[in-house]
There are 2 protein chains.
Amino acid sequence: MGKNNVPRPTESELEILQVLWQHGPSTVRFVNDELSKRRDVGYTTTLKLLQLMHEKGIVARDDSSRTHVYRPALREQETQGVLIDRLLEAAFGGSALKLVQQALGNRKTSRAELDQIRDLLDSMDDQQDPDQPSPTATPDTK
Amino acid sequence: MGKNNVPRPTESELEILQVLWQHGPSTVRFVNDELSKRRDVGYTTTLKLLQLMHEKGIVARDDSSRTHVYRPALREQETQGVLIDRLLEAAFGGSALKLVQQALGNRKTSRAELDQIRDLLDSMDDQQDPDQPSPTATPDTK
DNA sequence: AATTCTTTACGAAACCATTCGTAACCCAAA
DNA sequence: TTTGGGTTACGAATGGTTTCGTAAAGAATT
């Protein structure tokens with residue numbers, strides 16, 4: 001099992017995942033209240049979505065008590081990674097460089113944030129292993 | 001008219017847009033041949049997609065001659081920007097920093113690319129003083 | 001106990017993306 | 001003129017996402 005069959009959340013599902021990531025394991029009621037702060041959404045709609053996400057393996061749930069408690073099945077970073085890969089393939093021809101340039105270039109970014117990115121770049125320099133080629137495009141591992 | 005009603009291409013539509021961005025204005029036949037290099041797709045499927053994209057305003061077409069010629073209605077960068085905004089909102093709570101960290105962190109990136117990003121960061125430092133708003137980033141109200 | 005509130009489960013409707021079959025049309029070649 | 005290949009237009013089937021109405025069951029309140 002690699003990243004092959006990692007679930008690909010839809011937009012609504014992501015909305016819910018963000019609530020779970022931010023607040024931790026939550027009931028349908030809580031998630032729905034959070035979503036309702038941003039837009040109109042019925043309780044059973046949120047319920048159904050969570051049930052489907054559960055079937056898909058996107059969330060796990062504790063149904064030991066009557067009101068079930070849902071939590072993300074994947075780490076935030078993992079899911080975000082999948083989504084970036086998706087966008088990278090779909091719109092940037094696989095070039096992470098172009099994506100980052102676009103993300104930074106067309107946007108206001110504070111100096112503090114720029115510095116944080118610089119730190120990240122520096123730490124990546126340290127990890128550079130010159131032995132290996134740079135296979136940005138072939139996660140073919142079987 | 002701001003970025004409000006900029007079209008939001010689907011995955012298939014992006015596949016086609018990439019062909020158009022890369023090769024310039026093209027006929028259905030050409031686009032379909034390109035897509036066929038990667039996967040199985042019927043001619044009329046590509047045709048229909050292009051027709052729908054035309055209706056949506058995602059592509060423009062020259063139908064002065066019998067075989068129509070399609071071209072992107074938006075610049076590559078513009079569309080990519082919209083898509084990043086979308087992902088940013090949907091999965092990263094709006095934090096471009098987190099997105100970039102994720103894009104770079106979970107991925108092998110060559111030193112050359114890292115250097116290019118550093119250059120970008122440096123040039124952004126220069127622009128830090130927003131007397132002159134960046135020409136790319138503010139298509140405000142007309 | 002009866003009522004009300006909360007929750008889950010289920011089914012269906014509405015909508016959209018994707019795919020393709022079929023027909024009509026034009027043009028060029030036979 | 002007829003045939004055939006390439007093209008556009010259109011409609012429909014399929015499958016997935018999103019929404020919500022309704023029913024059933026449990027829990028709390030009266």
Side-chain angles (χ1 to χ4, degrees), chain A residues 5-20 25-36 38-71 79 82-83 86-87 89-91, chain B residues 5-20 25-36 38-71 79 82-83 86-87 89-91:
Chain A
N5 37 14
V6 170
R8 298 159 51 113
T10 66
E11 203 147 330
S12 300
E13 290 169 348
L14 273 177
E15 215 182 345
I16 290 182
L17 279 178
Q18 290 207 67
V19 173
L20 298 182
S26 311
T27 63
V28 177
R29 173 63 54 195
F30 181 84
V31 171
N32 185 250
D33 285 351
E34 285 299 310
L35 296 189
S36 297
R38 313 178 115 268
R39 62 187 186 91
D40 245 21
V41 54
Y43 177 86
T44 52
T45 301
T46 304
L47 171 65
K48 180 72 162 192
L49 233 4
L50 277 165
Q51 287 171 340
L52 289 176
M53 292 168 78
H54 180 233
E55 274 179 23
K56 293 187 192 174
I58 293 177
V59 298
R61 87 177 163 196
D62 173 356
D63 52 4
S64 58
S65 73
R66 190 163 96 88
T67 67
H68 302 172
V69 175
Y70 291 85
R71 63 181 184 281
T79 303
V82 171
L83 293 172
R86 198 155 113 191
L87 183 62
E89 268 311 301
Chain B
N5 37 14
V6 171
R8 300 160 50 109
T10 67
E11 204 147 329
S12 300
E13 290 169 348
L14 273 177
E15 215 183 344
I16 289 182
L17 279 178
Q18 291 207 66
V19 172
L20 297 183
S26 310
T27 62
V28 177
R29 172 64 54 196
F30 181 83
V31 172
N32 184 249
D33 285 351
E34 285 299 310
L35 296 189
S36 296
R38 315 176 116 266
R39 63 188 185 88
D40 245 21
V41 54
Y43 178 86
T44 53
T45 300
T46 303
L47 170 65
K48 180 72 163 191
L49 234 3
L50 278 165
Q51 285 171 340
L52 289 175
M53 292 168 77
H54 180 235
E55 274 179 24
K56 293 188 193 173
I58 294 178
V59 298
R61 86 176 164 194
D62 173 355
D63 53 2
S64 58
S65 72
R66 192 164 95 87
T67 67
H68 301 172
V69 175
Y70 291 85
R71 62 181 184 279
T79 303
V82 170
L83 293 172
R86 194 155 118 194
L87 183 62
E89 268 310 302

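Predicted, not measured: the structure shown is a model, and the values here were computed from it. Just so it is clear: chains get the letters A, B, ... in the order the sequence lines come, proteins before strands, and each one is counted from 1.
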Shortest side-chain distance from A:K48, nucleotide among C:dT18, C:dA12, C:dA9:
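So the nucleotide nearest the side chain must be C:dA12.
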Given D:dA9, D:dC10, D:dT19, which nucleotide is nearest the side-chain atoms of B:L47?
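The answer is D:dA9, which lies nearest to the side chain.
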Begin with the C-alpha distance, continue with both residues' side-chain angles, and end with the deciding distance and a verdict on salt bridge (charged side-chain N to carboxylate O under 4.0 Å, His left out) for B:E15 and B:R39.
CA-CA 11 Å; B:E15 215 183 344; B:R39 63 188 185 88; 2.9 Å; yes
Which whole-number value in Å describes the distance from [X] [atom1] to [N] [atom2]?
{"X": "A:L35", "N": "D:dC20", "atom1": "CG", "atom2": "P", "value": "12 Å"}
{"X": "B:L50", "N": "C:dT19", "atom1": "CG", "atom2": "C1'", "value": "14 Å"}
{"X": "B:L14", "N": "C:dT18", "atom1": "CG", "atom2": "C1'", "value": "15 Å"}
{"X": "A:M53", "N": "D:dT17", "atom1": "CE", "atom2": "P", "value": "12 Å"}
{"X": "A:I58", "N": "D:dT18", "atom1": "CD1", "atom2": "P", "value": "10 Å"}
{"X": "B:D40", "N": "C:dT19", "atom1": "CG", "atom2": "C1'", "value": "12 Å"}
{"X": "A:R29", "N": "D:dA27", "atom1": "CZ", "atom2": "C1'", "value": "14 Å"}
{"X": "B:L52", "N": "D:dC10", "atom1": "CG", "atom2": "P", "value": "12 Å"}

Run the side chain to side chain donor-acceptor pair (under 3.5 Å) test against B:Q51 and tell me which residues pass, sequence neighbours left out.
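Per chain and number, B:Q51 pairs via side chain to side chain donor-acceptor pair (under 3.5 Å) with no residue.
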Determine yes or no for a side-chain-to-main-chain donor-acceptor pair under 3.5 angstrom, with [X] supplying the side chain and [Y] the backbone.
{"X": "A:T45", "Y": "A:V41", "value": "no"}
{"X": "B:T44", "Y": "B:L47", "value": "no"}
{"X": "B:Q18", "Y": "B:E13", "value": "no"}

Separation between NE2 of A:H68 and OG of A:S26, rounded to the nearest 0.5 Å
15.0 Å
B:T79 side, atom OG1; B:I58 side, atom CD1 - distance, nearest 0.5 Å:
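B:T79 OG1 to B:I58 CD1: 8.5 Å, rounded to 0.5 Å.
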Take the C1' atoms of the five end pairs on each side of the helix from C:dA1-D:dT30 to C:dA30-D:dT1, get both axes, and report the angle to 10 degrees.
20°
With a cut-off of less than 4.0 Å, is there a side-chain N or O of [X] near OP1 or OP2 of [N]?
{"X": "A:T45", "N": "D:dC20", "value": "yes"}
{"X": "A:T67", "N": "C:dT8", "value": "no"}
{"X": "A:Y43", "N": "C:dT8", "value": "yes"}
{"X": "A:T10", "N": "D:dT18", "value": "yes"}
{"X": "B:Q51", "N": "D:dA9", "value": "yes"}
{"X": "A:K56", "N": "D:dT17", "value": "yes"}
{"X": "B:R8", "N": "C:dC16", "value": "no"}

At 4.0 Å (heavy atoms only), tell me whether B:R61 reaches a base, stays on the sugar-phosphate, or touches nothing.
sugar-phosphate
Begin with the C-alpha distance, continue with both residues' side-chain angles, and end with the deciding distance and a verdict on salt bridge (charged side-chain N to carboxylate O under 4.0 Å, His left out) for A:E34 and A:R29.
CA-CA 9 Å; A:E34 285 299 310; A:R29 173 63 54 195; over 6 Å; no
Looking only at heavy atoms, which two atoms of B:V59 and B:L50 are closest? And how far apart?
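Taking B:V59 first and B:L50 second, the nearest heavy atoms are CG2-O, 3.9 Å.
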Where B:P25 and B:R71 come nearest, the two heavy atoms and their spacing:
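Minimum heavy-atom separation between B:P25 and B:R71: CG-CB, 4.0 Å.
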Each nucleotide in nucleotides 22-29 of chain C should get exactly one letter: B, S or -. Can you fill that in based on protein heavy atoms under 4.0 Å?
B--BB---
